[in-house]
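Remember, it's 1-based here, ligands and their atoms both numbered in the order they're listed.
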Amino acid sequence: MTFTFLGTAAAEGWPALWCPCRVCADARRLGGKNIRRRTAYQLGDRIHIDLGPDAFAQMLAFDLRYDRIEHLLITHSHADHLCPEELHYRSAGFAPDPGPVPLTVWGNAQVEERIRAAGFVLESCRARFERITPFEPIDLSEGVVATPILADHAGEEQAVNYVLECAGRTLLQGNDTGWWPEETWAFLATKVLDIAIIEATYGDHRGGAHHLGAEDVLDVRDELAKLGALASDCRVITTHFSHNGGWLHERLEAFFAPHGIEVAYDGMTLEL
Ligand SMILES: [Zn+2]
Ligand SMILES: [Zn+2]
Ligand SMILES: [Zn+2]
């Protein structure tokens, strides 16, 4: 099943909205893998992670069919990961009848609240909401299971990442993680990851709570290895970059390549 990186930027995109800085100017000039939309992913035709402000642009860029999505997994309520108003366009009047296939939106209490506050009823949009519980697996049918794991990212809100399992293979989606809490490390110690996606939002400087930098990615990778959570041929891939991190794609690759870590870009695909 194909897994696609639809966006690999932090909240402000890259080049960042409103930003006159040097690395945003460089990204504009160089283009290609330096152009990063807000973070989202798709697995096959039916499963999508996060729906941010670039959802429309991602549909056009990657020839997506949102009308075929059955499960929308939301990591947390921050605006770069959840744009609730876009769900409204599933309703009659915006989408024809028969419209898109029924959609289940999965998320925490704050995600549910933001969707409710957007001023429409999800049920009128051929969709329903399901509250997630950290570490409780979700059966997405056709052999795909997603398990939300707790991040250390959004204060009181229980921000999550997802572990996706499909046909005996396991992928960890790790953006907006911070340094995971103990219970998450304990859960990951029970898994053998074939693909580990780890954020490097802060690039050349370290993070901790909320987000990570490039050096932290090495620490996370080493910790996962110590726990026996990495398959011997596990692909470790880093994503969710901010211009504030200062490193364009080539510089990120120069840092990570000697460590056997790949750098994601918009449109990158993997087989899960
Ligand atoms: Zn984010
Ligand atoms: Zn900038
Ligand atoms: Zn966030």
Side-chain angles (χ1 to χ4, degrees), residues 5-42 48-55 57-58 72-84 86 106-115 132 134 148-162 172-181 184 197-205 207-214 216-217 220 237-252 263-266:
F5 289 82
L6 303 174
T8 56
E12 62 278 18
W14 196 341
L17 288 164
W18 313 100
C19 187
C21 87
R22 179 186 54 79
V23 288
C24 284
D26 287 345
R28 287 189 181 90
R29 181 173 53 81
L30 295 167
K33 294 176 181 175
N34 295 296
I35 303 298
R36 300 184 186 276
R37 300 163 187 82
R38 269 59 76 87
T39 293
Y41 312 90
Q42 177 134 338
H48 195 91
I49 301 181
D50 285 345
L51 191 74
D54 290 332
Q58 287 159 332
L72 174 59
L73 306 169
I74 302 292
T75 56
H76 61 302
S77 70
H78 288 170
D80 55 322
H81 296 269
L82 174 63
C83 218
E86 302 288 20
W106 302 86
N108 64 23
Q110 286 77 8
V111 169
E112 187 172 16
E113 183 48 39
R114 275 204 68 217
I115 293 172
I132 57 171
I149 60 173
L150 269 184
D152 176 18
H153 173 66
E156 291 301 294
E157 176 176 347
Q158 287 194 324
V160 300
N161 308 120
Y162 289 96
L172 165 64
Q173 166 261 318
N175 57 265
D176 300 68
T177 63
W179 188 261
W180 285 305
T184 295
I197 299 167
I198 305 170
E199 67 149 285
T201 306
Y202 294 149
D204 66 354
H205 52 284
H210 308 298
H211 283 303
L212 304 175
D216 302 309
V217 173
V220 170
I237 305 167
T238 184
T239 190
H240 197 277
F241 307 106
S242 168
H243 65 131
N244 292 319
W247 287 352
L248 292 159
H249 189 83
E250 204 173 304
R251 181 69 185 84
L252 286 161
V263 178
Y265 53 88
D266 291 20

> Taking just the N, O or S atoms of His243, which one is nearest to the Zn ion (ligand 2)?
Replying inline: ND1
> Between OH of Tyr265 and CZ of Phe5, what distance do you get to the nearest 0.5 Å?
Replying inline: 9.5 Å
>> Looking only at N, O or S atoms in Asp80, which is nearest to the Zn ion (ligand 1)?
In response: OD2
> Is the Zn ion (ligand 3) less than 2.8 Å from an N/O/S atom of His78, whether that atom is in the backbone or a side chain?
Replying inline: yes
> How many degrees, to 10°, between Asp176 OD1 and His240 NE2 as seen from the Zn ion (ligand 1)?
Replying inline: 70°
> Hey, what do you get for CG (Leu212) to OG1 (Thr177), rounding to the nearest 0.5 Å?
Replying inline: 4.0 Å
> How are the rings of His81 and His240 set to each other: parallel, tilted or perpendicular (split at 30° and 60°)?
Replying inline: parallel
> Tyr202 vs His205 aromatic rings, parallel, tilted or perpendicular, using cut-offs 30° and 60°?
Replying inline: parallel
>> Suppose we only allow N, O or S atoms; which atom of His153 ends up nearest to the Zn ion (ligand 3)?
In response: NE2
>> Assess the residue pair Arg38 and Asp80 against the criterion (salt bridge (charged side-chain N to carboxylate O under 4.0 Å, His left out)); give the C-alpha distance rounded to whole Å, side-chain angles, the decisive distance to 0.1 Å, and a yes or no.
In response: CA-CA 6 Å; Arg38 269 59 76 87; Asp80 55 322; over 6 Å; no
